[in-house]
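Heads up: the structure comes next, in structure tokens.
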Amino acid sequence: MKNFTVLIVNGPNLGHLGRRQPEIYGSRGMDDVPDMVAGLLGPDAARVRLEFFQSNGEGRIIDRLEQAWKDGVQGLVFNPGAYTHTSLAIADCLAWIRIPAIEVHLSNVWARTEKIRHESMVSPHCVGVISGLGIDGYGLAVLALWRRLSAACG
Ligand code: DQA
């Protein structure tokens with residue numbers, strides 16, 4: 001069976017998870033994700049290489065996504081933060097690189113009061129969306145990508 005690389009990208013204001021408004025975003029950080037993936041995938045976790053990237057800059061995120069395309073990264077777990085709701089540039093990038101992506105939000109954006117958080121520029125370019133499960137959402141997204149990628153490879 002094949003091995004896969006999954007890139008986990010966090011956008012602006014997601015570099016201090018655990019400390020940023022824990023009442024909204026939870027008290028756990030990205031450090032928890034590898035163990036979570038190991039627990040969810042069991043022995044198959046050895047077949048998934050995780051890469052992590054965080055940036056507050058729209059252009060830097062697009063550069064990293066383009067690099068992932070060049071590198072042949074097979075799956076993307078993507079929390080674009082506030083760019084979710086505003087960035088046509090990031091949406092355009094996802095539209096052409098066509099790496100299977102799962103959009104993740106720590107908070108349940110639909111339960112939040114600001115209407116703009118109910119809109120996503122990136123969802124149309126993602127295979128699925130996980131919102132409101134905190135850090136668990138990242139592990140579950142990796143599990144879903146693994147199932148999809150390994151099924152596609154037979
Ligand atoms: C977020 C939700 C966005 O609306 C917000 O701008 C963020 C974080 C989330 O993970 O819940 O920065 O993407």
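Values in this document were obtained by computation on a predicted structure and should not be read as measured data. Start at 1 and go down the list; that is how both ligands and their atoms are numbered.
- Arg49 and Glu51 are joined by a salt bridge, as a carboxylate oxygen and a charged side-chain nitrogen come within less than 4.0 angstrom of each other.
- When each atom of ligand 1 is checked for a heavy atom of His85 under 4.0 Å away, the hits are 3 (C), 4 (O).
- Atom 2 (C) of ligand 1 has its nearest heavy-atom neighbour, among Thr86, Val109, Ile116, in Val109.
- Contacts of Ile24 with ligand 1, taken as heavy-atom pairs under 4.0 Å, are absent altogether.
- The shortest N or O to N or O distance between Arg112 and ligand 1 is not below 3.5 Å.
- With respect to atom 6 (O) of ligand 1, the closest heavy atom belonging to the protein is Arg117 NH1, 3.0 Å.
- Across His85, Glu103, His105, a single residue satisfies side chain to side chain donor-acceptor pair (under 3.5 Å) together with Ser120, and that is Glu103.
- Ligand 1 has no nitrogen or oxygen under 3.5 angstrom from a nitrogen or oxygen of Val104.
- Residues that satisfy the salt bridge (Lys or Arg N to Asp or Glu O under 4.0 Å) test with Glu23, not counting sequence neighbours, are absent from this structure.
- Heavy-atom distances between Arg20 and ligand 1 reach below 4.0 Å in at least one pair.
- Contact annotation: Glu114 has no heavy atom less than 4.0 Å from any atom of ligand 1.
- Of all the atoms in ligand 1, the ones that sit under 4.0 Å from a non-hydrogen atom of Tyr25 are 5 (C), 7 (C), 8 (C), 9 (C), 11 (O).
- The OG atom of Ser150 lies 11.5 Å from the CG atom of Asn3; values are rounded to the nearest 0.5 Å.
- Alongside Val122, the hydrophobic cluster contains Leu7, Val9, Phe53, Ile61, Ile62, Leu65, Trp69, Val73, Leu76, Phe78, Tyr83, Ile90, Leu94, Trp96, Ile97, Ile99 (criterion: ILVMFWY side chains under 4.5 Å).
- Annotation for His118: atom NE2 counts as buried by contact number, over 12 foreign heavy atoms lying within 6.0 Å.
- Shortest contact from atom 1 (C) of ligand 1 to any protein heavy atom: His105 ND1, 3.7 Å.
- Set against the non-hydrogen atoms of Ser107, the atoms of ligand 1 under 4.0 Å away are 2 (C), 9 (C), 11 (O).
- Met30 has its side chain within reach of Ile135: a pair of non-hydrogen atoms, C-beta onward, lies under 4.5 Å apart.
- The Leu106 neighbourhood of ligand 1 comprises atoms 9 (C), 10 (O), 11 (O), with distances under 4.0 Å to a heavy atom of that residue.
- Cluster annotation: Leu41 is connected to Leu149 through the hydrophobic network of ILVMFWY side chains, with a link wherever side-chain heavy atoms come within less than 4.5 Å.
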